[in-house]
K.L.:
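Structure incoming, see below.
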Amino acid sequence: MKENQETEESKSKNFIEQIIEEDLASGKHKEIYTRFPPEPNGYLHIGHAKAICLNFGIKADYHGKTNLRFDDTNPTKEEEEYMDSIKQDVAWLGFDWDRLCFASDYFDQLYDWAVMLIKDGKAYIDEQSGDEISKQRTTPREPGIESPFRNRPVEESLKLFEEMKDGVHDEGSMVLRAKVDMNSPNMHMRDPIMYRILKRPHLRTGDKWNVYPNYDYAHGQSDFIEGITHSLCTLEFEVHRPLYDWFLNQIAKSGESRPRQIEFARLNLTYTVMSKRKLLELVTGGYVKGWDDPRMPTISGLRRRGYTPGSLRLFSERVGLAKRENTIDVGLLEWAVREDLNKIAERRMAVMDPLKVVITNYPEGQIEEMEGVNNPEDESAGKRMIPFGRELYIEHSDFMEDAPRKFFRLAPGREVRLRYGYFITCQDVIKDEDGNITELHCTYDPESRGGNSPDGRKVKGTIHWVAKEAAKAAEIRVYDRLFSVENPSDVPEGGDFKDNLNNESLTVTTAFIEPALAEANAGENYQFERTGYFCVDPDSSAEKIVFNRTVPLRDSWAKKNK
RNA sequence: UGUCCGAUGGUGUAAUGGUAACACAGCUGUUUUUGGUGCAGCCGUUCAAGGUUCGAGUCCUUGUCGGACAACCA
């Protein structure tokens with residue numbers, strides 16, 4: 001308790017928290033209201049997790065509120081499937097939204113405000129092509145060219161806008177533009193487009209509309225309608241902020257509380273591609289098996305990989321928050337899941353690459369039940385029984401014929417502890433005609449049952465094992481990074497990122513597992529002693545147990561001998 | 001040669017004019033029936049130059065480097 005208080009006090013405030021506390025102190029806001037506003041055009045990824053934890057974290061820290069809002073202003077890209085997955089992901093991360101909203105809820109209001117802007121002479125219908133409009137905006141360095149329609153009569157714009165809405169005009173034939181400033185050095189202020197014609201059914205409004213608002217016209221107003229106090233978004237929207245404020249100035253009455261947009265740097269991870277476009281391409285191109293493929297940096301992929309909500313929250317907290325570009329080492333994400341899983345995952349024994357061991361002085365046909373601790377980090381996890389017999393499997397890498405002094409595991413003439421079993425000493429190495437090691441003959445010390453010798457002698461190594469008689473088989477899927485390049489910005493924008501893909505990102509093997517693991521349920525996390533954290537894949541069944549490797553255990557011996 | 005934003009160890013994030021801190025990574029040592037975990041220690045004078053000040057990572061000036069912006073995407 002005391003410890004918690006200390007960490008709470010010493011926790012430094014990021015720049016957004018500082019702004020919020022100032023707004024609270026000055027009385028500008030009594031209650032803080034944030035929102036998480038994804039467009040349902042793809043699955044959420046770890047970068048979104050950072051934004052989710054930020055927004056909902058503020059809600060928790062300041063006893064405020066947070067909405068989940070779907071920014072569904074473009075019916076050509078949005079799908080129901082994506083909405084479902086987004087809701088699932090946010091809930092799975094452990095957050096409750098106060099309201100579930102949709103930008104499309106505000107289409108009527110947005111339309112009325114647009115009419116108001118036209119009447120005020122602040123918006124007009126432009127009948128030029130996209131190319132022409134774009135050309136007239138010129139470059140940031142030189143002034144823009146006004147549209148010939150810019151100063152058309154209000155009545156004309158009003159009439160055309162209504163006709164646009166009613167479907168009289170074709171897509172691309174005209175747009176509604178805000179009359180801001182064609183000479184602004186900020187391109188977004190050069191008469192931005194507010195509405196375009198899209199004759200597509202919308203997921204929620206169906207065929208009601210033939211015109212849809214653009215992001216810039218819809219977002220700030222949505223925030224305003226919902227009473228959002230702090231609208232947090234990523235850095236690339238920084239240049240949109242003057243426009244965000246411009247629209248709010250048109251619709252909000254003076255003195256009325258309006259949302260403030262604050263930008264922060266998005267998350268980048270080494271060896272990880274995050275752009276929705278590229279992730280979509282991985283899925284549609286068949287490079288992965290779906291959005292929730294365990295190699296994907298999506299929240300659903302990480303979930304399937306065995307990452308816990310707590311690990312993602314811990315990660316989000318540790319990546320920090322600032323306005324500078326950053327690239328976080330994926331190692332931090334892996335550390336976060338180990339940190340979480342170390343406390344909660346039960347330990348089991350499983351042999352990935354089996355080597356048969358025969359204990360020559362152990363009675364034939366005898367099976368003993370040995371007691372194993374489920375989690376040394378958590379006594380309440382209890383104990384389990386593990387069958388032991390004359391023939392066992394150990395990990396191939398736990399034996400070395402010509403072992404260096406620093407090798408603490410099994411080698412000819414050396415004694416090791418079989419965890420929760422006995423001390424054994426390697427007497428003979430059996431090989432096939434090609435010289436491959438096929439079997440080890442060992443002797444055991446009957447006095448060392450459970451792993452301690454009454455004479456107090458020490459062994460350096462403790463290895464894991466599975467009794468051959470009782471072993472079950474399981475499919476193990478070992479995942480490696482999908483991209484071989486460290487810096488995600490090195491992955492080209494086009495579709496030709498094939499060269500950067502790691503072709504060995506998935507390895508499937510069969511392992512021998514202790515019987516207790518055969519009853520594991522989908523989604524459960526285990527630490528396979530001495531190897532890594534594994535999670536039961538939803539593909540599992542009673543006949544075929546499938547484990548995904550979440551993350552390997554740190555292994556200083558392997559690292560030194562690489 | 002436009003506007004805006006940024007620059008602190010290998011990677012991130014703090015320090016709100018007063019001893020540069022925390023985490024991850026790395027390295028040492030130690031504990032351990034997981035070469036895991038835990039514990040202890042080591043590893044940076046803050047992009048550059050000038051200025052203000054008793055005192056500057058912080059304020060000012062200039063420069064350098066990096067990023068964003070010219071979709072009827074969000």
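Chain A is the first sequence line, chain B the second, and so forth, proteins listed ahead of strands; every chain is numbered from 1. Note that these values count all heavy atoms, side chains included, but never hydrogens, waters or copies made by symmetry.
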K.L.:
When all nucleic acid strands are considered with a 4.0 Å heavy-atom cut-off, which category describes Asn342(A): base, sugar-phosphate, or nothing?
P.N.:
base
K.L.:
Mind checking if Tyr212(A) touches a base, just sugar-phosphate, or nothing, with heavy atoms under 4.0 Å?
P.N.:
nothing
K.L.:
Any side-chain N or O of Arg338(A) below 4.0 angstrom from OP1/OP2 of G38(B)?
P.N.:
no
K.L.:
Parallel, tilted or perpendicular: which fits the ring planes of Phe36(A) and His48(A), with parallel below 30° and perpendicular above 60°?
P.N.:
perpendicular
K.L.:
Among G12(B), C24(B), A74(B), which nucleotide sits nearest the side chain of Trp335(A)?
P.N.:
C24(B)
K.L.:
Would you please determine if the base of G35(B) is stacked by Trp557(A), with stacking meaning a centroid separation under 5.5 angstrom and planes under 30 degrees?
P.N.:
yes
K.L.:
Assign each of Pro376(A) and Arg241(A) to its nearest nucleotide of RNA chain B by heavy atoms, then name whichever residue's nucleotide is nearer the 5' end.
P.N.:
Arg241(A)
K.L.:
Students often get this wrong, so: under 4.0 angstrom with heavy atoms, is Glu377(A) touching a base, only sugar-phosphate, or nothing?
P.N.:
base
K.L.:
Please say whether the positively charged group of Arg348(A), taken as NZ for Lys or CZ for Arg, lies over the ring of Tyr526(A), i.e. under 6.0 angstrom from the six-membered ring centre and within 45 degrees of the axis.
P.N.:
no
K.L.:
Expressed in whole Å, how much space separates the P atoms belonging to C24(B) and G36(B)?
P.N.:
15 Å
K.L.:
Any side-chain N or O of Gln18(A) less than 4.0 Å from the OP1 or OP2 oxygen of A15(B)?
P.N.:
yes
K.L.:
According to a strict under-4.0 Å criterion, is Thr73(A) in side-chain N/O contact with OP1 or OP2 of A74(B)?
P.N.:
yes
K.L.:
Tell me whether Glu395(A) is salt-bridged to Arg530(A), with the criterion being a basic N under 4.0 Å from an acidic carboxylate O.
P.N.:
no
K.L.:
What does Ser556(A) touch in the nucleic acid at a heavy-atom separation under 4.0 angstrom: a base, only the sugar-phosphate, or nothing?
P.N.:
sugar-phosphate
K.L.:
Determine the contact category for Lys77(A): base if any of its heavy atoms lies under 4.0 Å from a base atom, sugar-phosphate if only primed atoms, P, OP1 or OP2 are that close, otherwise nothing.
P.N.:
base
K.L.:
State whether Lys13(A) places a side-chain N or O below 4.0 Å from either non-bridging phosphate oxygen (OP1 or OP2) of U13(B).
P.N.:
no
K.L.:
Tell me which nucleotide, if any, is Watson-Crick or G-U wobble paired with A56(B) when both distances must be under 3.5 Å.
P.N.:
none
K.L.:
Using a 4.0 Å heavy-atom cut-off, does Arg530(A) contact any base of the nucleic acid, only the sugar-phosphate backbone, or nothing at all?
P.N.:
base
K.L.:
Report yes if at least one side-chain N or O of Arg190(A) is closer than 4.0 Å to OP1 or OP2 of C69(B); otherwise report no.
P.N.:
no
K.L.:
Once you apply a heavy-atom cut-off of 4.0 Å, does Leu321(A) come out as touching a base, just sugar-phosphate, or nothing?
P.N.:
sugar-phosphate
K.L.:
Less than 4.0 angstrom from a charged side-chain N to a carboxylate O is my criterion; do Glu226(A) and Arg35(A) meet it?
P.N.:
no
K.L.:
Please determine, for the side chain of Arg554(A), which listed nucleotide (G36(B), C69(B), A74(B)) has the closest atom?
P.N.:
G36(B)
K.L.:
Side chains of Glu39(A) and Tyr82(A) only: does a donor on one sit below 3.5 Å from an acceptor on the other?
P.N.:
no
